[in-house]
Amino acid sequence: MASASRRGTAARDREDGGGEFDAPRARKLRAGAGGRWWVGVGRAVLWAFIIVVVFNGIWFPLRGGLALPDTAEEPGSGDTVTYPETAAAGFGLRFAETYLNTADPEERLSDLAAFVPEGEAADLDVPADSLTGENLAVAAVDVADDHNALVVVRADVNGEPMRLDVPVYADGDALVVSGSPALLAAPAQASLPEGSSFETDPRAQEQLEEVLPGFFEAYAGESAHLERYLEPGAAIAPLPENSLEFAELSDITVPSQASNGNDDIRQAAVTVQWNLPASDGDEAGQLTQNYLVTVVDSGSEWHVRDIQGAPRSFGE
């Protein structure tokens with residue numbers, strides 16, 4: 001009976017799902033177990049952010065130091081102005097000659113009409129014979145943009161040195177005076193400062209006093225012998241035949257060292273007296289000229305490389 005009772009009890013236990021033969025029950029998750037996954041993700045994101053910040057903090061300064069110089073031009077720096085300066089200079093000069101020197105009122109009005117917009121010539125009228133201009137020359141063309149510029153004309157106006165600023169508008173090849181011209185004072189005369197002092201080379205000066213007279217004789221009248229005085233490879237065109245005759249080398253100054261530090265190359269300041277050609281039995285006069293002669297020491301003799309006018313001989 002007891003055995004049957006136990007079997008019944010066991011059967012009921014199986015039916016009820018209990019006892020030692022129960023199926024495993026699902027384990028409940030502990031509080032916070034699902035949050036650990038999100039914490040791990042957050043930590044990974046945080047570390048990635050820290051790595052990016054540290055990397056940029058190191059890389060950007062290095063990149064700035066290693067980068068090539070920025071060669072990009074500033075806006076507008078590559079723009080080229082296409083104003084026709086040469087054509088405008090000639091146009092402005094012709095206008096200035098008409099404006100300053102046309103005396104007859106009707107002729108003046110007709111001539112000026114060729115330079116200004118229609119109907120504007122009458123505004124440029126001046127009393128008859130009130131303006132005269134001599135020795136006109138274009139001193140500058142001050143370009144404002146592709147279409148506008150001031151042509152600066154130097155002239156002796158009524159016997160006094162002045163300048164006339166002429167506004168000229170350009171539209172391609174077409175030109176027109178765009179406003180009334182303006183008379184202004186001529187630039188003041190500059191004052192030369194005292195010349196700079198330098199050490200001279202008496203030995204080189206003595207040697208060149210023997211060489212340069214022959215060079216200037218050939219330069220003026222014996223061009224067939226000119227090459228004998230020139231540095232190999234140098235090309236110097238002689239003066240026109242019978243234009244001048246060498247008289248003497250009146251002064252020569254040779255610096256002790258060239259500006260580039262090469263003792264074999266010097267620029268000698270030379271003063272030459274030329275005889276002018278006589279005409280109709282008149283006695284020939286003389287002309288004093290100053291030159292800057294570049295000479296090269298070959299080791300045994302000086303040769304001429306170049307000759308030009310002295311950039312400054314007053315006050316030296």
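Side chains included, hydrogens not; waters and symmetry mates left out as well; all remaining heavy atoms used. Along the sequence shown, residues carry numbers from 1.
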Minimal heavy-atom distance between Y83 and Y169, with the atoms involved, is OH-N, 4.5 Å

Taking every heavy atom of A88 against every heavy atom of V168, the minimum-distance pair comes out as CB-CG1, 4.2 Å

Quick one: are the ring centres of F216 and Y291 less than 6.0 Å apart? yes

More than 12 heavy atoms from other groups under 6.0 Å of CD on E248: yes

For E206, look at atom CD and say whether over 12 heavy atoms of other residues, nucleotides or ligands are found less than 6.0 Å away.
-> no

Which of D306, D201, D297 passes salt bridge (charged side-chain N to carboxylate O under 4.0 Å, His left out) with R266? Answer is D201

- Is there a donor-acceptor contact under 3.5 Å from the side chain of S243 to the main chain of P240? yes

Atom CD of residue position Q308 - does it have more than 12 heavy atoms of other residues, nucleotides or ligands inside 6.0 Å? yes

Could you tell me whether a side-chain N or O of D171 sits under 3.5 Å from a main-chain N or O of A174, the two making a donor and an acceptor?
no

Using a 6.0 Å distance limit plus a 45 degree cone around the ring axis, check whether R108 lies over the aromatic ring of Y99. yes

- prompt: Should the heavy atoms of other residues, nucleotides or ligands under 6.0 Å from CD of E209 be counted, would the total exceed 12?
  reply: yes

* Asked: Can you hop from V177 to L112 via hydrophobic side chains spaced under 4.5 Å?
  -> yes

Passes side-chain contact (heavy atoms from CB on, under 4.5 Å), Y219 versus I307? Steps please.
CA-CA 10 Å; Y219 183 58; I307 181 172; 4.2 Å; yes

Q) Do L150 and V166 have side chains that get closer than 4.5 Å, going by heavy atoms? A) no

Side chain N158, main chain T132, donor-acceptor under 3.5 Å: yes

For L184, the hydrophobic cluster (side chain heavy atoms closer than 4.5 Å, chained through members) also holds none

Quiz item: Quick check: does any side chain N or O of T200 sit under 3.5 Å from a backbone N or O of P255, one acting as donor and the other as acceptor?
Solution: no

| said: Using only atom types and a distance under 3.5 Å, with no angle test, would you say the side chain of D146 pairs donor to acceptor with the backbone of T82? | reply: yes

* **Any donor-acceptor N or O pair under 3.5 Å, side chains T271, N290** => yes

Does A182 offer a backbone N or O that forms a donor-acceptor pair with the side chain of D165 under 3.5 Å?
no

> Just wondering, more than 12 heavy atoms not from D123 lying within 6.0 Å of its CG?
Replying inline: yes

Would you say H147's side chain and A170's backbone share a donor-acceptor pair under 3.5 angstrom?
yes

